[in-house]
Amino acid sequence: MQSQNVVAIADENMIASNGGDKAETTFGEQRFKVFTAKQLGQIPQLNRLSEQQRFDMKVVASVLPFRVNEYVINELIDWNNIPEDPIFQLTFPQKEMLAPELYDKVATVFSLNDKSALNDTIREVREALNPHPAGQMEHNIPTLDNETVQGVQHKYRETVLFFPSSGQVCHSYCTFCFRWAQFVGDKDLRIAAKESGQLQDYLRAHPEVTDVLITGGDPLVMKTKNLRAYLEPLLSPEFNHVRTIRIGSKALTFWPQRFVTDEDAADLLRLFEEVQAAGKHLALMAHYNHWRELEPEIAREAVRRVRNTGAQIRAQGPLLANINDDAEVWARLWQTQVEMGIIPYYMFVERDTGARHYFEVPLVKAWEIYQDAMQRVSGIARTARGPSMSAHPGKVEIQGVTEINGEKVFVLRMIQGRNPDWVQKPFFARYDEQATWLNHLQPAFGEEHFFFEET
Ligand SMILES: *Cc1c(COP(=O)(O)O)cnc(C)c1O
Ligand code: SF4
């Protein structure tokens with residue numbers, strides 16, 4: 001399939017993977033080895049599953065991105081606890097991730113051995129999965145001198161997102177990823193940058209931007225020298241308005257070797273130091289879903305090394321059915337993060353795309369889990385905001401459920417807004433037990449529109 005080609009090219013060009021600096025570490029050499037949909041049959045642990053289960057997996061992996069590396073398979077998944085194991089759910093496709101009618105559609109064609117029919121069906125099913133939630137494609141791509149700036153999204157005044165073209169894969173893929181459409185091989189769907197020059201031009205023209213968030217995929221699949229080509233220019237005085245550089249990554253979970261044993265690990269840490277030395281803040285926005293990701297010794301060592309550079313690690317991740325819809329899991333995740341010097345930052349609501357029906361949690365339940373988890377930890381661990389929906393108007397936080405003048409309502413606020421004036425204004429929606437996203441909510445008190453919908 002198309003997607004496999006993309007992944008294969010990506011591997012060659014990007015992943016620095018061979019070898020370790022033995023003088024510097026007690027961790028042995030570790031080679032990055034990844035399995036994609038085509039290689040599902042080569043994962044020995046899957047032999048425990050029935051033939052039907054393996055077939056189901058292949059069917060789902062033909063639609064949603066699948067990519068998992070040996071470290072995740074050997075160190076993070078508890079194979080005595082499948083399919084319930086949270087990291088197994090996080091990385092391996094499950095039949096129920098496709099709605100029954102979509103699953104049947106693909107499964108039927110799958111057995112026919114007709115490649116073009118299969119590709120057509122896959123395309124059709126992907127289209128049915130809302131590949132671009134929150135108007136990502138149409139609304140957030142900026143222009144400069146009347147030309148669109150590729151690889152840049154500018155939604156909130158102070159923060160620019162940058163998608164380097166060579167950072168659009170990850171060391172493994174999450175089954176729930178809202179960026180899944182970028183990975184499945186359709187060039188038109190990929191939001192990617194050709195070069196850092198355009199980013200610099202854009203930032204020069206936008207002195208209001210204080211934060212650049214390098215994201216993906218996972219920008220840390222890039223070799224350090226490539227990442228450096230994007231970051232170093234931003235350290236010059238003409239970009240003094242850029243105060244914080246954030247890197248969004250799940251490498252601390254999926255490939256902590258990136259910071260410890262990869263041949264350019266030391267250089268990566270040096271780059272982090274250089275950003276700090278230039279007077280800017282470097283924040284590693286680490287994606288975590290479960291405290292188990294923090295347990296392997298090499299994952300802990302990676303965190304120590306990043307922190308030693310002066311960079312800060314902030315943690316964020318979505319609340320997901322079948323993975324972490326449990327207050328105890330979140331409390332332990334936040335508490336462990338605090339002990340390791342990681343700052344809890346966001347709890348997200350799973351977005352309305354891909355396999356969302358499998359992972360979604362009603363907003364009221366999300367809030368209950370958040371509240372319950374908060375109550376189990378001290379103030380130091382209560383820095384994660386949420387549950388937060390990254391919707392078209394902005395990041396909307398569910399603050400709670402209450403009753404006003406006899407009407408049961410959700411209390412909401414915007415943490416980030418397309419219009420900065422909207423931020424931190426409380427607003428209210430009618431209580432709805434089933435709602436899982438902002439577009440399911442109606443304004444409370446008989447009003448016709450939410451305040452940000454008024455034109
Ligand atoms: C979350 C987010 C940001 C960063 O917002 P902060 O509140 O500064 O963390 C920027 N752009 C987009 C599109 C986002 O979703
Ligand atoms: S690490 Fe992030 S971008 Fe990569 S698959 Fe997971 S959620 Fe998506």
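Indexing begins at 1, ligand by ligand and atom by atom, following the structure's order.
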*Asks:* Residue-level breakdown please: for K395 versus ligand 1, do any non-hydrogen atoms fall below 4.0 Å on the side chain, on the backbone, on both, or on neither?
*Replies:* side chain
*Asks:* If we only count N/O pairs under 3.5 Å, is Y345 in contact with ligand 1?
*Replies:* yes
*Asks:* Under 6.0 Å between ring centres: does that hold for W255 and F32?
*Replies:* yes
*Asks:* Report the nearest protein non-hydrogen atom to atom 11 (N) of ligand 1: residue, atom name, distance rounded to 0.1 Å.
*Replies:* L161 CD1, 3.1 Å
*Asks:* Could you tell me the residue and atom name of the protein heavy atom closest to atom 12 (C) of ligand 1, and the distance to it rounded to 0.1 Å?
*Replies:* Y156 CE1, 3.5 Å
*Asks:* Before signing off on this row, confirm whether K155 and ligand 1 have an N or O atom pair separated by under 3.5 Å.
*Replies:* no
*Asks:* Under 6.0 Å between the ring centres of Y230 and F162?
*Replies:* yes
*Asks:* Are any of the heavy atoms in G216 under 4.0 Å away from ligand 2?
*Replies:* no
*Asks:* Which atoms of ligand 1 are found less than 4.0 Å from any heavy atom of Y346?
*Replies:* 6 (P), 7 (O), 9 (O)
*Asks:* Below 4.0 angstrom, N of the basic side chain to O of the carboxylate: do R292 and D85 qualify?
*Replies:* yes
*Asks:* Do Q53 and L46 pass the side chain to side chain contact (heavy atoms under 4.5 Å, CB included) test, and can you show the C-alpha distance, the side-chain angles, and the key distance before you say yes or no?
*Replies:* CA-CA 9 Å; Q53 284 173 307; L46 292 185; over 6 Å; no
*Asks:* Salt-bridge test for E397 and R385: reply yes if a basic N is under 4.0 Å from a carboxylate O, no otherwise.
*Replies:* no
*Asks:* Under 6.0 Å between ring centres: does that hold for F88 and W79?
*Replies:* yes
*Asks:* Which ligand 2 atoms are under 4.0 Å away from a heavy-atom of K250?
*Replies:* 1 (S)
*Asks:* When you measure from atom 4 (C) of ligand 1 to every protein heavy atom, which one gives the shortest distance, and what is it?
*Replies:* R246 NH1, 3.7 Å
*Asks:* Donor-acceptor check, side chain of D264 to backbone of T224, threshold 3.5 angstrom: yes or no?
*Replies:* yes
*Asks:* Can you tell me if L213 contacts ligand 1 (heavy atom of the residue under 4.0 Å from the ligand)?
*Replies:* no
*Asks:* With ring centroids as reference points, do F92 and F66 lie under 6.0 angstrom apart?
*Replies:* yes
*Asks:* Going by an N to O cut-off under 4.0 Å, is there a salt bridge joining R304 and E301?
*Replies:* yes
*Asks:* Looking only at distances, please establish whether an N/O atom of ligand 1 is found under 3.5 Å from an N/O atom of Q416.
*Replies:* yes
*Asks:* Show the atoms of ligand 2 that are less than 4.0 angstrom away from any heavy atom in C177.
*Replies:* 3 (S), 5 (S), 7 (S), 8 (Fe)
*Asks:* On a heavy-atom basis, I'd like to know which of C170, P318, P65 is closest to atom 4 (Fe) of ligand 2.
*Replies:* C170
